[in-house]
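Taking it in order: structure first as structure tokens, then the write-up.
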There are 2 protein chains.
Amino acid sequence: MITNRLTVTRIADVVADSLEKRILEGSLKPGDRLPSERDFAVELGVSRPTLREALQKLISKGLLATRHGGGTFVTDRLESHFVDPWQEMISGHPMLHSDLLEFRQMLESQSASLAAERATNVDIERLDTLYATLDSVYESDDVKACIDADVAFHQAIAEAAHNVLIGHLTSSLMRLIHGHVSINLEHLHARPQRWNQLRSQHHAIWQAIRERQPDMAARAASSHIEFVVQNMGDANLEAERRQSALRRQVESERNLEIKGPLLTG
Amino acid sequence: MITNRLTVTRIADVVADSLEKRILEGSLKPGDRLPSERDFAVELGVSRPTLREALQKLISKGLLATRHGGGTFVTDRLESHFVDPWQEMISGHPMLHSDLLEFRQMLESQSASLAAERATNVDIERLDTLYATLDSVYESDDVKACIDADVAFHQAIAEAAHNVLIGHLTSSLMRLIHGHVSINLEHLHARPQRWNQLRSQHHAIWQAIRERQPDMAARAASSHIEFVVQNMGDANLEAERRQSALRRQVESERNLEIKGPLLTG
DNA sequence: ATTCTTTATTGGTAATACCACTTAAATAAT
DNA sequence: ATTATTTAAGTGGTATTACCAATAAAGAAT
């Protein structure tokens, strides 16, 4: 009588592990919404109570969150663990920006290198489409769209590196520096020559990954960030100038009328 | 129509919290067996699926354990309450170890490189003393002291890189992989030849930083981690063997006497 | 007394129905 | 045409019920 052995694995646990894996690997990103419990149950081939048990497990782990009537969502607990300690520190100490960019340079060159080694065909296809939209949107005047496309492009490279730590860390870092990227891009958008340099840099990275040349990809990514760093310096100088001008203006206004709370520190 | 109010608190959560409280307070002691799900459900005045959701939560927290057909029992470990989500992920998904080590390789080679560039005199002095203790303690049989000295050495290098991100991330990583480092070092300690290789690797890193040679430092650190990775593979194989042996032992014990609840999974 | 079989009990899974909440589209009022 | 309201569809939350599979204890056969 050999009836046992296999049934010891509970279905709910299998489902939970599978979902956890998908979240960890990044195929389910923070903020993503899962299908409805009914649909998801039939999709996975299990009953709704079983699915709910699995979801409950992940909810108690903090990986998922539900809103009654709204849906089930993937939390950002894994990434916020990276970001949260830094968020206020960065904004409070601007001198950390250089550290941040230095780290980003290391991370992205490594990402590009690994991506050139390991990218699968679907990764390449994804990079192709993202690069296409990135390049096309750079011709438009929609700076906001440029940022999104830029972030998506770099994130896709990080995910093609097939290292979950690099993937999540890149995503965290992107969120952290999002504001600065936007400042920087607006700064560069007013300078067509440098703006085009950015495009050629993106092309170099993309091409190196496509042609499976890790070293070249790493160098391209590295010099790309270096270029960003230089211009970031200019942008920051300009932003600093504007800010101090604003401070003076605010102060003179305060002398006139002292009223609402000023939030800026 | 104000019909809501109370339903925002989910019944399953209330039940789970109540049970957790009773366990933590001690009215439910480790090893205690809970009533059957059906009885318990009517006793608490909830449905069985709701009770099961509550139980599931506590099971995933590690406070309860079930045996199919046997019953539900209170476990004896209460500490796994506040855990780093990444820590949990790492222990749950062993395939992450390679990602972790790959990231560590990138991080530490960059650390060494930057340290060789930027280390101040006090950094160098600190590294000197730490290297001295590291080298001396490697001659003793105190593996625990070796781990501490090793961690301190690498941490000091990361801090000599003068990048707060790298510093903090390195310490986080060290905490994360501390257990594996100890396994690995114990494994290597039984192999004097490789043990001495470790010492020469540390020497190479230290020397390259002292002599201000970034590339050499990066290469030394990189090959050091690579060496660790290889031996980590061996150590993991051995650990896997021990674990499967333990599994067999547990199974044979179960065949002999089936009595109290076996908590091992 | 020991071993094997049986049986009641337990946890695991599933199907179904209904409730409460959220969202957004459709409608009514301005 | 715009805004505010209503309504309907969809979602997660809970409960009921039933059946399956594994366990453990009682009983029967040796």
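So that the names make sense, note that chain A is the first sequence line, chain B the second, and so on, each numbered from 1.
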Would you give a per-nucleotide map of nucleotides 7-13 of chain C, 5' to 3', where B means the base has a protein non-hydrogen atom under 4.0 Å away, S means only the sugar-phosphate does, and - means neither? ---BBBB
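- His202(A) and Tyr131(A) have their aromatic ring centers separated by at least 6.0 angstrom.
- Among residues two or more places apart in sequence or in another chain, the side-chain hydrogen bond (donor to acceptor under 3.5 Å, both in side chains) test is passed with Glu108(A) by Arg104(A), His154(A).
- There is no side-chain donor-acceptor pair under 3.5 Å between Tyr138(A) and Asn196(A).
- Looking only at atom types and distance, the side chain of His162(A) has a donor-acceptor partner in the side chain of Asp123(A) under 3.5 Å away.
- Salt-bridge check for Asp13(A) with Lys57(A): passed, with a basic side-chain N closer than 4.0 Å to an acidic carboxylate O.
- Distance CD (Glu43(A)) to P (dT11(D)): 13 Å, rounded to an integer number of Å.
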